[in-house]
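Here is the structure we will look at.
Throughout, a chain's letter reflects where its sequence line sits, starting with A, and its residues are numbered from 1.
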Amino acid sequence: GDSVTQMEGPVTLSEEAFLTINCTYTATGYPSLFWYVQYPGEGLQLLLKATKADDKGSNKGFEATYRKETTSFHLEKGSVQVSDSAVYFCALSDGTGGYNKLIFGAGTRLAVHP
Amino acid sequence: DAGVIQSPRHEVTEMGQEVTLRCKPISGHNSLFWYRQTMMRGLELLIYFNNNVPIDDSGMPEDRFSAKMPNASFSTLKIQPSEPRDSAVYFCASRQGTGGWSPLHFGNGTRLTVT
């Protein structure tokens, strides 16, 4: 079945460092891809999405490009802030049976220090 | 604009007791999802509804778990009897439509502790 694999955390960075969180997927069709972020004590929030190959999703300085040839959707940010500390989830939409449910990766915890 | 509302935020109960978690999706959203989050298993999809009808409940762990959606603005997840291994954060999420491009909107979750 469809699946999402993320790099294991935690990822620890200093403020203003460059961030990459790797995400690869396995899918039989043409899924949409998402990054969600979870702050402590809260639910997941959509960070960005891409719906077809070569699309770039971006929000709040974060970017990710849908790479069909490498089945990847890596999350990047040029300069992280302490407030970016959270857990990041990569996800794909599984269109099996005509109903699209979201399949999540295990999550990657990011800790940014001043 | 109210988001997905879950209640209670925290629930502590003893093994064997019945637990009912509640969810109010965003108005106008016609798909609703229940997820469970634990350190060991991450986010697991338990069940999802479309237009109040259960579409896929293959993630429901056992017969002790049941979910209902009597109308478009309310859903419940019930565990009876509860066990310590049910301790987790339970999230409800809703979405407009069934298209894969449509994102999920999550509530803040219910943290369940079964002692």
When the 4.5 angstrom heavy-atom criterion is applied to B:Arg41 and chain A, the contacting part is neither

B:Leu45, part contacting chain A, at a heavy-atom distance under 4.5 Å
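Just its side chain gets close to chain A.
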
Hey, which of B:Arg111, B:Arg9, B:Gln37, B:Glu44 has the most heavy atom pairs under 4.5 Å with chain A?
B:Gln37

I need the residue from B:Asn108, B:Val4, B:Asp56 with the largest number of non-hydrogen atom pairs under 4.5 Å to chain A.
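Highest number of heavy-atom pairs under 4.5 Å: B:Asn108.
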
Beyond-backbone contact of A:Val112 with A:Leu19, side-chain heavy atoms, under 4.5 angstrom
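In short, these two side chains do not touch, never coming nearer than 4.5 Å.
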
Do A:Gln6 and A:Phe89 touch side chain to side chain, with heavy atoms closer than 4.5 Å?
yes

Any idea which heavy atoms bring B:Thr13 and B:Gln17 closest together, and the distance?
OG1-CB, 3.2 Å

For the side chain of A:Arg109 and the backbone of A:Val87, is there at least one donor-acceptor N/O pair under 3.5 Å apart?
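Side chain of A:Arg109 to backbone of A:Val87: no pair is present.
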
Can you tell which of A:Ile21, A:Leu47, A:Val80 makes a side-chain contact (heavy atoms from CB on, under 4.5 Å) with A:Phe62?
A:Leu47

Quick one: which of A:Leu44, A:Ile103, A:Leu92 has the most heavy-atom pairs under 4.5 Å with chain B, could you say?
A:Leu44

Is A:Gln45 in contact with chain B via its backbone, its side chain, both, or neither, using a 4.5 Å heavy-atom distance?
neither

